[in-house]
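Down below is the structure, laid out as structure tokens.
Whatever order the structure lists ligands and atoms in, that order sets their numbers, starting from 1.
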Amino acid sequence: MDHNGLKVAVVGATGAVGNLMVKVLEERAFPVSSLKLLASARSVGKTLPFRGVEVPVEELVEDSFNGVQLALFSAGGAISKKFAPIAARAGTIVIDNSNAWRMDPKVPLVVPEVNAEAALSHSGIIANPNCSTIQMVVALKPIHDAARIRRIVVTTFQAVSGTGKRAIEELRNQVSDIMNGREAVRQIYPHQIAFNCFPHIGPFLENGFSEEEMKMVNETRKIFEDSKIRVCATTVRIPVIYGHSESINIETEKPVSPEEARMLLKEAPGVRVIDDPSSGRYPVPLDAAGHDETLVGRIRIDPSVENGLAMWVVADNIRKGAATNAVQIAEFLVKHGRL
Ligand code: A2P
């Protein structure tokens, strides 16, 4: 990259995703000339390491963005709703990991392997999709291009890190409490998460689906630019720390065999096929954790429909599902001279 470096801010830098955004900027040698770490007033006094230097955390305020060229946001929807437009007005390009702007028609919703070009049409804010949507569209895009997907039925098995740092602590504390004969304390989740799972991610809507499930429907349609694709999602929280898994059934317009799907996916950017079930090889969250690829396996015919395929897709929800995807969008803008 021929670049002198950019003034970059990370909003929510002390959180599970924000922290990783800082690490991913360093790992991928993103051209940063100076880094501003922003969080709530509670975090002032803390520092985070970046390229061997301890960078102080500053309080997020309206003036935080003066002179900042790129801001990566991951401090929740309310902060993004308020501060992303403030940053954009100050001339900062915002890549927002929250749900606040994803369905705004003026805001591109981008997964670089799928629709990178959409990022170029931004007017200050670009949205990072929901973690469960990202890994699903990365795995389905090559099949959609080759055989046109008409219908998707997906069930997710989602890690607690998607809820944030306090949810990781809740799982760890509950496990430790139960193993030591104490009562599990529940603060973040509607049920005990240790040794349990529940089909409840985000509030339930009038149609009976949860908000998380409808994100998968609406975001997939927006990213594929296909308002007709039918999606039915069930999203489930499980006691895993890093890595979302998804059981996906698709129905395509043209037939596509498991062998063809495997070939397409082997060539696809950001995908690794691990599919040899007879020797116990298929994706699991512990193998995805800490990596940026989307892992796909258990590819087989779904005999319940005419042109059906079933598969199992796993990715690190806070890497590809959040931090890495955001940094990849920024890299694409740099590559195209737009940053
Ligand atoms: P803080 O650590 O100061 O509370 P997570 O998703 O892991 O829970 O992290 C949420 C992130 O959003 C944290 O970095 C948190 O900072 C930040 N955040 C929460 N509320 C605010 C706020 N009012 N202003 C700025 N940052 C906030």
Could you point out which residue of K141, R148, R151 forms a salt bridge (charged side-chain N to carboxylate O under 4.0 Å, His left out) with D226? R148

If the criterion is any heavy atom closer than 4.0 Å to an atom of ligand 1, which residues make the list? G12, A13, T14, G15, A16, A39, S40, R42, S43, L60, S74, A75, I79, G164, K165

Salt bridge (charged side-chain N to carboxylate O under 4.0 Å, His left out), that's the test. Do R51 and E26 meet it? Break it down for me. CA-CA 6 Å; R51 296 182 184 156; E26 177 168 336; 5.9 Å; no

Determine whether V240 and Y282 fall in the same hydrophobic cluster, where Ile, Leu, Val, Met, Phe, Trp and Tyr are linked whenever their side-chain heavy atoms lie under 4.5 Å apart. no

Can D275 and R262 be counted as an ion pair, charged N to O under 4.0 angstrom? yes

Sole residue of R102, E212, E219, K215 in side chain to side chain donor-acceptor pair (under 3.5 Å) with T133: E219

With sequence neighbours left out, write down each residue that passes side chain to side chain donor-acceptor pair (under 3.5 Å) with E259, or none if nothing qualifies. S257

